[in-house]
Amino acid sequence: MKIEIFVFNPIQENTYVVIDETTNKCGIIDAGCRSRMEKVKLKKFIEQNGLTPVALLNTHLHFDHIYGNKFILETFGLKTYASPKDQFFIDTFIDQLNIFQMPADEQAPEIGTKIKEGDVIEIGNIKLQVIETPGHSAGSVCFYAKEQNVCFTGDTIFKQSVGRTDFPTGSQREIMESITGKLLRLPDDTILYPGHGESTDVAWEKLNNPYLEY
Ligand SMILES: [Zn+2]
């Protein structure tokens, strides 16, 4: 597995391209590309490396993580795998952008495949297992590649920080339960790729994350 990281849009969101090198298939996690330049950058990377995108996946449906969903649908014909518990953020996409005073001109596409705890999404030979981690939003999930020791955590946990819970459907109690009850129970050497900022690992967060008390 190879992972290419793009940092997109004014919220500095991490978009991950997860590549199965044996088949050249790839998955796109949280397509945050907003500007034409960002979209071209992502498309060029995929084309120049001869990749075939087979899945678009969303850790959650906040606007900074779904900006590029319409572009991915139009370019590669892919609708996102996401939790239906975040449907609210599709329905109110334009409103959310207005609240944050971001340009709002087009509606976000609907969820393509509704996912839940334990579902497995295949990118060639890579298996991404869905772990429901509510708290940052009701439908927040993480994608765990057990064989590769990697977990894409969205905005649930960051390096030495945790996701905010003051948006609609957020819950402080739930995010702490998701982190301590699920993510910190993954093997210590699991690499965590968050929705913003640098990657980290489970052992490091257990020792250094100031928000965790367990
Ligand atoms: Zn978010």
Side-chain angles (χ1 to χ4, degrees), residues 5-18 27-35 38 42 56-72 79-104 106-112 114-117 128 130-144 151-180 182-183 192-200 205 209 211-212:
I5 307 170
F6 294 89
V7 181
F8 284 147
N9 76 56
I11 318 287
Q12 302 277 289
E13 178 269 352
N14 291 331
T15 293
Y16 296 102
V17 179
V18 179
I28 302 162
I29 299 181
D30 289 346
C33 44
R34 184 179 75 105
S35 67
E38 290 173 342
L42 179 62
L56 169 65
L57 303 88
N58 270 109
T59 59
H60 64 299
L61 297 172
H62 282 161
F63 67 85
D64 53 321
H65 295 252
I66 66 172
Y67 262 135
N69 282 17
K70 185 150 187 263
F71 171 73
I72 299 295
K79 273 192 172 182
T80 193
Y81 287 84
S83 167
K85 293 173 189 168
D86 261 8
Q87 176 65 35
F88 171 81
F89 297 102
I90 298 279
D91 297 339
T92 60
F93 180 62
I94 301 281
D95 303 335
Q96 303 287 330
L97 290 171
N98 286 330
I99 291 167
F100 287 86
Q101 299 187 322
M102 308 290 279
E106 45 185 29
Q107 188 48 257
E110 287 299 322
I111 297 170
K114 294 171 181 171
I115 55 176
K116 58 178 190 316
E117 179 81 19
L128 294 174
V130 175
I131 303 175
E132 288 186 355
T133 50
H136 177 62
S137 67
S140 284
V141 302
C142 297
F143 298 109
Y144 177 43
C151 190
F152 298 91
T153 62
D155 292 1
T156 298
I157 191 168
F158 303 113
K159 186 169 187 178
Q160 288 175 241
S161 189
V162 300
R164 51 192 287 187
T165 54
D166 55 334
F167 295 132
T169 78
S171 159
Q172 182 65 20
R173 183 184 56 79
E174 283 184 336
I175 201 170
M176 296 317 288
E177 280 175 13
S178 293
I179 294 170
T180 55
K182 288 184 169 175
L183 296 182
L192 306 175
Y193 286 96
H196 304 269
E198 284 174 60
S199 61
T200 182
E205 294 312 314
N209 194 314
Y211 293 89
L212 306 181

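Values in this document were obtained by computation on a predicted structure and should not be read as measured data. All ligand and atom numbering here is 1-based and tracks the order in the structure.
With Y16 as reference, F152 is the one residue of F152, F143, F6, F8 to meet the ring-ring contact (aromatic ring centres under 6.0 Å, His included) rule.
Across every non-hydrogen atom of I115 and S83, the tightest pair is CG1-N, 3.6 Å.
As for D155, its N/O/S atom nearest the Zn ion (ligand 1) is the one called OD2. Of all N, O or S atoms in H62, the one lying closest to the Zn ion (ligand 1) is ND1.
Considering only heavy atoms from C-beta on, T200 stays 4.5 Å or farther from Q160 through its side chain.
Here H60 contributes NE2 and H136 contributes NE2, and at the Zn ion (ligand 1) these two atoms make an angle of 100°, given to 10°.
Aromatic ring pairs are classed by plane angle as parallel below 30°, tilted from 30° to 60° and perpendicular above 60°; the pair H62 and H136 is perpendicular.
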